[in-house]
Structures are given as structure tokens and as C-alpha cells.
Amino acid sequence: MTQQHDTIQITLEDGTRLDVPSGTTPLELVERAGVDVEPVIAVVDGELWDLTRPLERDATVGFRDAQSEEGLYALRHSAAHVMAEAICRLWPDAKLAYGPPTENGFYYDIYLEEPISSDDFPRIQKEMQKIIAEKRPFTRVELPPEVAMDRLREEDNKYKLDNAERALEAGDGVLSFYVTGTPGENWEDLCRGPHVPHTGYIGAPKVMSVAASHWHGDVNSDQFQRVYGTAFRTKAELKEYLNRLEAAKQRDHRVVGQKLGLFTIDEQVGPGLILWKPRGGRLRQVLQDFLTGELVRRGYQVVFTPHIGKIDLYKTSGHYPFYADSQFPPISLEDGEQYLLKPMNCPHHIKIFASDHYSYRDLPIRLAEFGTVYRFEQSGELQGMTRVRGFTQDDAHIFCTPEQVRDEFRATVELVQFVFRTFGFDDVSIRLSLRDPNSDKYAGDPALWDRAERELREVLEDMGIDFRAEEGEAAFYGPKVDFVVRDVIGRRWQLGTVQLDYNLPERFGIQYIGADNQAHRPVMIHRAPFGSMERFVAILIEHYNGAFPYWLAPEQVRVLPVSDKHAEYAADLGRRLIDRGVRAETDLRSETLSKKIREAQKMKIPVMLIVGDQEVESGTASPRLRSGEQLDALDWAALLAFLDEQDRDSRGSV
RNA sequence: GCUGACGUAGCUCAAUUGGCAGAGCAGCUGAUUUGUAAUCAGCAGGUUACCGGUUCGAUUCCGGUCGUCAGCUCCA
């Protein structure tokens with residue numbers, strides 16, 4: 001293997017060519033060629049590579065610093081090793097499983113009987129600091145598979161053995177270990193690498209949290225303690241990250257929603273059940289009116305259906321057999337009849353369709369409802385308004401002919417895009433959710449599934465939409481296209497969804513009469529641009545940080561009299577605005593103007609109207625915007641024009 | 001559901017080793033009549049989530065239940 005005496009040709013990313021002896025490390029290249037950045041990792045022919053790992057053949061070599069994604073990953077991966085070593089020192093019984101870098105840091109899955117708690121973080125961190133201060137090099141040791149496996153068997157660590165087997169199955173010819181220091185003396189870990197040159201590179205590590213996880217993600221398998229941490233090159237970067245986290249917490253919809261009086265959750269009502277307060281209700285009403293207007297324009301018809309249905313309905317639809325566990329238990333009557341809180345609106349809409357005879361000329365039929373559904377989510381899953389047990393979908397079902405599927409599907413995707421554009425969501429990822437061919441949790445004929453999946457994919461491609469196909473994410477009755485956004489914490493949530501369904505029409509035996517005078521099976525499209533009102537509003541709150549644009553704001557205008565003398569004029573102005581459909585309130589308390597402004601500001605009200613002697617005398621009002629901008633006094637006509645303009649300009653598109 | 005942490009006034013948070021449960025904001029009352037992010041004073045507000053145990057005495061220690069949070073698993 002060794003070719004120490006040979007010369008190899010290295011091309012740097014800037015095009016510089018160097019002839020160096022085989023076995024030269026990237027770090028030596030840095031010293032020789034001079035590189036602007038402080039590299040922590042190299043990229044050799046597109047593959048991440050230790051700076052200290054010898055180069056033995058011609059290659060293109062680049063360098064990455066700790067601000068780059070690759071560099072940061074490597075640094076955090078190295079930090080994971082340091083943390084694992086620290087934990088092994090403190091708990092010699094700990095068995096390591098798996099410790100990768102993640103988007104915001106890293107974690108290590110560890111099997112250990114004794115629970116690690118946040119009280120232990122300081123001493124873990126202290127051990128890490130010791131290891132970092134020693135600036136021990138990360139040394140790569142490659143072993144032939146048999147030797148490596150023997151070594152792992154000695155360690156009696158089935159998790160690492162399993163990792164190694166998987167690496168070999170994936171085609172790795174050798175297994176690599178990384179020693180933090182000198183082979184044979186220091187701590188080592190089976191690891192593909194790469195790592196930063198030595199522990200001293202990890203300038204600012206922090207142990208963040210601990211939680212349970214499972215081997216291979218299998219609940220029935222061994223349970224690990226997953227210790228999360230993060231690391232940066234410098235303390236300043238860590239501090240900035242922690243500040244960002246803190247700011248994100250303040251933007252959390254649970255915090256903002258509480259401050260702005262939008263919603264509440266009451267233990268006695270039940271976990272995961274949202275109580276919309278008046279301000280939240282107004283916001284929801286605006287959203288509902290906005291969307292209903294769009295739907296009517298696009299040929300939808302509004303329907304209303306009840307919150308429960310007989311259990312047989314859901315046996316026919318498949319909801320009950322497929323998802324009994326995630327439903328509230330059936331309501332049983334004395335005569336033995338059972339009802340279910342509806343987990344979805346589709347069966348009711350199908351029954352509306354089935355109640356009439358349709359010809360192909362009538363299709364598509366588009367039935368829309370803001371329908372409230374109930375799902376018994378596991379207690380550990382509940383989370384503010386984003387994951388709840390009762391929620392209202394902006395649901396609709398399109399019944400169409402097979403020939404109409406593509407056009408209808410395309411139109412619904414365009415509707416979702418229109419909605420998202422209106423609110424200025426730009427960080428939206430689109431997921432094509434397909435069935436898992438190896439699972440039996442899907443209903444119906446595989447041939448129809450193939451057809452539906454193909455149709456979705458082709459329409460998306462036609463539309464030039466970037467999407468990611470993911471197996472196992474489909475609904476039980478059909479594949480779907482999901483619009484996924486991220487909350488302030490970085491968690492991903494599905495909002496809009498469009499689903500193609502050949503199954504439920506079959507299960508319910510619905511039909512229409514075709515041009516050939518024969519009965520045909522319609523195809524269904526399920527779709528919800530918001531997804532759920534609860535989740536959508538949660539994301540909206542975080543998106544705007546509670547500062548809703550004028551057209552959405554629960555309170556658009558607050559009238560502020562300078563003193564009690566102006567109360568009557570202010571109250572009258574407020575009433576006239578309400579008459580005009582403006583969501584206006586008037587602050588008639590005997591407080592100073594400054595205080596009233598401060599509170600209106602804290603409630604993030606877009607427009608304040610200040611009225612004092614001057615305004616009363618001239619019959620005007622002086623706007624102060626949420627931005628702090630003060631405008632000249634406006635008379636009634638000018639004020640209405642100004643508010644209309646606010647309404648128009650605050651919409652993201654239209 | 002699992003692991004861990006947490007639960008004190010409407011909200012945000014205090015309370016030495018187990019020793020009479022406190023503050024700010026909000027609320028109420030009064031005074032003040034205010035011109036662009038907090039006027040002043042007073043009052044009231046609690047079965048310390050709930051249930052049980054240890055103790056002369058429990059917000060504090062122990063057990064259980066419920067809920068919240070983080071992650072895992074799940075998510076029609």
C-alpha cells in the first residue's frame with residue numbers, strides 16, 4: 001500500500017498544481033501553499049478527508065473552515081467523540097452506539113442503566129474541556145474487516161458490531177477507528193470520520209439536553225440515552241447561537257399566542273384541545289373568509305357535516321380498521337350502536353356526493369368544508385397548536401373523472417401555492433408522499449396506487465416544481481403532495497396537502513354516468529391548503545412574530561384619546577370604523593397617552609389613531625404605525641382611504 | 001406511549017439546611033387629565049397542579065395521578 005517514495009500530483013481548488021511526495025497530508029499542503037481560511041477539514045476528490053490523513057494518489061484537494069457546513073459537521077462530529085470519551089470516563093459502564101453531527105450540533109446514543117440528567121452536564125463538560133485542553137490528535141486507524149470485527153467483539157459492544165456490519169454491507173472495504181490521541185493508549189471509537197486535526201479545534205462545546213432514543217428507531221429494541229450537544233470553533237459563535245435560540249423561544253407561538261391573547265389550552269377541557277379566544281377567533285375568521293372567497297371563485301361549493309358518524313361508516317372507509325389506535329374510543333349507545341368522532345371529513349362528503357345522481361357533465365364536483373376532526377394523538381406528541389387532538393381542516397373533496405385528474409390536481413397545487421405566496425412563506429419544501437411497498441397499512445389495488453403515484457409525479461414535473469419523494473408517507477388511501485414548512489425551532493410541519501385517491505370511491509361504490517350511459521367510478525382529490533387552522537395559525541404567529549399584516553390583524557386599529565376630554569370623540573370614531581368593517585377598538589382608560597401607546601405597541605396593533613385637542617377641533621385623527629412612524633392628521637375620507645391602502649398593501653399577493 | 005426535566009397569584013418569576021409563601025406586571029379603588037413605549041397611592045389576589053406518605057411541622061423529602069416541556073416513537 002505504501003508508496004512513500006512516489007510523487008503525486010495535487011490540484012488545489014484554485015487551480016494551483018503541486019507535486020508532492022506520496023503520504024503528504026492536506027495540512028502540510030496548507031503550510032506549503034498558504035490558504036486564506038483556517039481549515040478544519042479537507043475535501044479530496046469531493047470526499048471529506050482528515051487534514052492529517054496522508055494523500056497517496058493524484059487528487060484535487062480543497063479546504064473548509066469551521067464556518068462552512070462541512071467544516072462545522074466535522075468539528076461537531078469530533079465534539080461528539082470528545083463528549084463520548086468524557087461520558088465513558090464518568091460512567092465506565094456506558095456502551096456507545098451512534099454519535100453523528102446534526103443540523104444544529106450533534107448527539108451520542110449511549111446505553112447506560114443509570115440515567116444521565118441535566119445536573120450531570122457540568123461535569124461532562126468539565127471532562128470535555130480537559131480533553132480539549134490536551135489538544136490530542138484524532139488519529140485514523142484502518143483495519144481489515146476481520147481484525148476490526150475481532151477487536152469490536154472483545155469490547156463486547158453489540159451496537160458497534162452492528163454498525164460495523166452495516167458499514168461492510170454498504171461496501172466499505174476497511175473499517176476505520178479514530179483514536180483521540182495515541183493508538184493503544186487513548187480512547188478510540190469505530191468511526192468513518194473525518195475529524196478535525198486535534199481536540200483543541202473544538203473551541204466552544206456545550207452539552208444541551210438528554211432524551212431517550214431507540215436502537216434503529218425501534219421502540220421494542222434497546223433504549224438509549226441520547227445526549228445532545230453543540231459545538232463551534234469559537235465561544236462568540238456559540239454565544240450567538242444560544243442567543244438565537246433564546247430569541248426563537250420568544251417567537252414560539254405558545255409564548256406569542258399567550259401574550260396576544262389568541263388562544264388558550266385548559267387542562268380541564270383536555271390536553272390538545274384548543275380554545276380560541278376572541279382575538280384568535282377574529283384571525284381565524286379572516287383566514288376562513290379569505291379562503292372561502294378563493295374557493296367559491298374556483299368552483300367549490302360549501303357544505304356542512306356533523307362531528308360524528310356511525311362506526312360502520314368508518315369501517316367502510318377504512319379509517320377505523322386502519323387507525324383505531326389513534327382515534328378516541330367509540331361512543332357506545334345502550335342499544336349497542338357505536339359512533340365515532342370523525343377522524344376525517346371525507347366519508348361525510350362522499351355521502352353527500354352519493355345522495356345525488358351525477359352525469360359526467362356535472363363533474364368535477366368540489367365540496368368544501370371547514371371540518372373539525374378528532375384524533376387521539378399520543379400524549380407525548382401534543383404540542384401547542386401544532387399537534388393537537390381536535391382541529392379544523394380547511395378540507396375539500398373533488399370528485400372527478402379519471403380524465404380530469406391531472407387538471408384538477410394541478411389546479412389544487414396552484415391554489416396551495418397561491419395561499420402560501422399570500423402569506424409570504426418562502427421556505428417551503430414539497431414532499432411527494434408515496435406508499436411503502438413493503439408495508440400492509442395501505443388500502444386497495446397496487447395497480448391503482450402505481451397509477452396515482454405516477455400521475456402526481458408527472459404533474460409536479462410538468463409544473464417544474466422541486467420536490468422530494470418519500471416512501472412511507474402516503475395516506476392509507478392514496479399518495480399525496482405535502483407542503484412542509486419549519487417552525488422557529490426548526491421543526492418541520494406539514495401544512496398544505498393534496499391527495500389523490502382511487503380507493504375511497506371504490507370502497508363506497510360511488511359512481512357517475514358517463515357519455516356511454518354506463519356507470520363509472522369517480523376519482524377523489526382530497527386537499528387542504530392550510531392543512532389545519534390550528535397548525536396554520538401557529539406557523540403564521542411564528543412567521544410574523546405576532547405582528548400580523550394589517551389585513552390579518554385581529555385588531556387593526558386602536559383609537560387612543562389623549563385625555564378623558566377626548567373620550568367621546570374617540571369612542572365615536574371607533575364606532576364609525578367598526579361600522580365600516582374595520583376591526584377597531586378604543587382605549588378609554590384614564591392612562592397617559594404614553595402608556596396606551598406602549599400597550600398597543602406590545603399587542604402589535606398595526607395602526608393607532610391618536611386624537612387630542614387638535615384632532616377634535618379639525619375632525620381628524622393622527623395615525624401612528626406599529627413601526628413607530630407618525631403620520632399627519634387625516635380627515636375621515638382620507639383616513640378611510642389610508643386604511644384601504646393598508647389593507648391592500650399588506651397582502652403578500654393578489 | 002417511552003426517557004428525562006418541570007408544575008408557586010391571571011402572566012413572568014422569588015422563597016437559606018424542612019420553620020408564618022413574596023415581588024413586578026395585570027386586576028380593583030382613589031387621586032391625576034395626560035401629545036407618541038410604563039403617573040402616583042392604596043387594596044385585593046394562594047388548599048404552592050391533585051391524591052397519599054414521612055415529620056412536631058412539607059412549596060421543600062418519598063410514592064402515585066394529571067398536565068407542560070425536550071427528544072424518541074407515531075402522525076389518515
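Any value given below was found using the heavy atoms of this structure, including those in side chains, with hydrogens, waters and symmetry copies removed. Convention: sequence-line order gives letters A, B, ...; per-chain numbering from 1.
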Length of the CZ-P vector between Arg598(A) and G24(B), whole Å:
16 Å

My understanding is that a pair needs two contacts under 3.5 Å, Watson-Crick or G-U wobble. By that rule, which nucleotide pairs with U8(B)?
none

Non-hydrogen side-chain atoms of Arg389(A) and Phe376(A) separated by less than 4.5 Å
yes

Using OP1 and OP2 only, check whether a side-chain N or O of Thr592(A) sits under 4.0 Å from U39(B).
yes

Report which part of the nucleic acid Gly217(A) touches: base, sugar-phosphate, or nothing (heavy-atom distance under 4.0 Å, all strands).
sugar-phosphate

Met608(A) atom CE is separated from G35(B) atom P, nearest whole Å, by 16 Å

Measure from the side-chain heavy atoms of Pro271(A) and tell me the nearest of G67(B), U73(B), G4(B).
G67(B)

Is A26(B) paired to anything, Watson-Crick or G-U wobble with both distances less than 3.5 Å, and if yes, which nucleotide?
none

Are Lys565(A) and U34(B) close enough that a side-chain N or O sits under 4.0 Å from OP1 or OP2?
yes

Could you check whether Pro343(A) gets within reach of a base, just the sugar-phosphate, or nothing at all, counting any heavy atom under 4.0 Å?
base

Nucleotide of U34(B), A76(B), C66(B) approaching Val562(A) most closely (side-chain heavy atoms):
U34(B)

Spacing of Asp587(A) atom CG relative to A37(B) atom C1', expressed in whole Å
13 Å

For Asp109(A) and C72(B), what is the distance between atoms CG and P respectively, to the nearest whole Å?
10 Å

For the residue pair Gln601(A) and Arg624(A), confirm or rule out a side-chain donor-acceptor distance under 3.5 Å.
yes

Out of G67(B), A38(B), U73(B), which nucleotide sits closest to the side chain of Ser594(A)?
A38(B)

What distance, rounded to whole Å, do you find between the two C1' atoms, one in C74(B) and one in A38(B)?
47 Å

With the side chain counted from C-beta on, respond yes when Leu245(A) and Met208(A) share a heavy-atom pair under 4.5 Å apart, and no when they do not.
yes

Give none if C61(B) has no partner; otherwise give the nucleotide forming a Watson-Crick or G-U wobble pair with it, both distances under 3.5 Å.
G53(B)

Classify the nucleic acid contact of Gln378(A) as base, sugar-phosphate or nothing, counting any heavy atom under 4.0 Å across all strands shown.
base

Stacking between Tyr323(A) and the base of A76(B) (centre distance under 5.5 Å, interplanar angle under 30°)?
yes

Closest to the Lys602(A) side chain, choosing from G35(B), U73(B), A37(B):
A37(B)

Suppose you measure atom C1' in C20(B) against the same atom in G24(B); what distance do you get, rounded to whole Å?
23 Å

Quick check: do Met608(A) and Ile597(A) have side-chain heavy atoms less than 4.5 Å from each other?
yes

Distance check needed: C74(B) P versus Asn220(A) CG, whole Å only.
11 Å

Hey, does Tyr228(A) reach any base, or is it just sugar-phosphate, or nothing, if we go heavy atoms under 4.0 Å?
sugar-phosphate

Gln223(A) CD to U3(B) C1', in whole Å, measures 5 Å

Check this one for me: any side-chain N or O of Arg491(A) less than 4.0 Å away from OP1 or OP2 of G71(B)?
yes

Please name the nucleotide paired to U39(B) by Watson-Crick or G-U wobble geometry with both distances under 3.5 Å, or report none.
A31(B)

For Asp325(A), report the nucleic acid contact type (base, sugar-phosphate, nothing); a contact means any heavy atom under 4.0 Å.
nothing

At less than 4.0 Å, is any side-chain N or O atom of Lys595(A) found next to OP1 or OP2 of U33(B)? Yes or no.
no

Classify Leu560(A) by what it touches in the nucleic acid, base, sugar-phosphate, or nothing, heavy-atom distance under 4.0 Å.
nothing

For the side chain of Arg387(A) and the base of C74(B), is some donor closer than 3.5 Å to an acceptor across the two?
yes

Sort out for me which residue in Glu534(A), Gln383(A), Glu542(A), Gln258(A) forms a side-chain hydrogen bond (donor to acceptor under 3.5 Å, both in side chains) with His253(A).
Glu542(A)

Describe, in one word, how the ring planes of Tyr228(A) and Tyr107(A) are oriented to each other, choosing from parallel (under 30°), tilted (30 to 60°) and perpendicular (over 60°).
tilted

Measuring centre to centre across the rings, with the benzene-like ring taken for any Trp, is Phe476(A) within less than 6.0 Å of Tyr442(A)?
no

Which of C11(B), U73(B), A38(B) is nearest the side chain of His214(A)? It is U73(B)

Taking the side chain of Ser590(A) as heavy atoms from C-beta outward, which of U33(B), A76(B), U39(B) is closest to it?
U33(B)

Classify the nucleic acid contact of Gln258(A) as base, sugar-phosphate or nothing, counting any heavy atom under 4.0 Å across all strands shown.
sugar-phosphate

Looking only at G1(B), A76(B), G35(B), the nucleotide nearest the Tyr477(A) side chain is A76(B)

How is Ser379(A) classified with respect to the nucleic acid when contacts are heavy atoms under 4.0 Å: base, sugar-phosphate, or nothing?
base

Integer-rounded Å distance: G4(B) P and Glu114(A) CD
12 Å

With heavy atoms under 4.0 Å as the rule, sort Glu615(A) into base, sugar-phosphate or nothing.
base

Could you go through the side-chain hydrogen bond (donor to acceptor under 3.5 Å, both in side chains) check for Asp395(A) and His526(A) one step at a time?
CA-CA 7 Å; Asp395(A) 211 355; His526(A) 310 234; 5.7 Å; no

Would you please confirm or rule out a distance under 4.0 Å between OP1 or OP2 of G71(B) and any side-chain N or O of Ser209(A)?
no

Among G35(B), A5(B), A76(B), the nucleotide that comes nearest once only the side chain of Ser326(A) is considered
A76(B)

Scan Gly384(A) against the nucleic acid and name what it touches under 4.0 Å (heavy atoms): base, sugar-phosphate only, or nothing.
sugar-phosphate

Please give, in whole Å, the distance from U36(B) P to Asp613(A) CG?
14 Å

Find the partner of G46(B): check Watson-Crick (N1-N3 plus N6-O4 or O6-N4) and G-U wobble (N1-O2, O6-N3) distances, both under 3.5 Å, and reply none if neither fits.
none

Are Arg624(A) and A37(B) close enough that a side-chain N or O sits under 4.0 Å from OP1 or OP2?
yes

Among G4(B), U36(B), G67(B), find the nucleotide with the atom closest to the side chain of Gln630(A).
U36(B)

When all nucleic acid strands are considered with a 4.0 Å heavy-atom cut-off, which category describes Gln383(A): base, sugar-phosphate, or nothing?
sugar-phosphate

Within the 4.0 Å heavy-atom criterion, would you say Arg254(A) contacts the bases, only the backbone, or no part of the nucleic acid?
sugar-phosphate

What contact category does Gln327(A) fall into here, base, sugar-phosphate, or nothing, at under 4.0 angstrom with non-hydrogen atoms?
base

Classify the angle between the aromatic ring planes of His397(A) and Phe399(A) as parallel (below 30°), tilted (30 to 60°) or perpendicular (above 60°).
tilted

Choosing from A76(B), U36(B), U33(B), which nucleotide comes nearest the side chain of Asp564(A)?
U33(B)

Return yes if a side-chain donor-acceptor contact under 3.5 Å exists between Asp564(A) and Ser590(A), otherwise no.
yes

Pairwise C1' distance, G1(B) and U8(B) [rounded to whole Å]:
30 Å

Checking all strands, does Lys441(A) fall into the base, sugar-phosphate, or nothing category for heavy-atom contacts under 4.0 angstrom?
sugar-phosphate

Provide the Watson-Crick or G-U wobble partner of U3(B), both distances under 3.5 Å; none if there is no partner.
A70(B)

Which value, in whole Å, describes the distance between the C1' atoms of nucleotides U32(B) and U48(B)?
38 Å

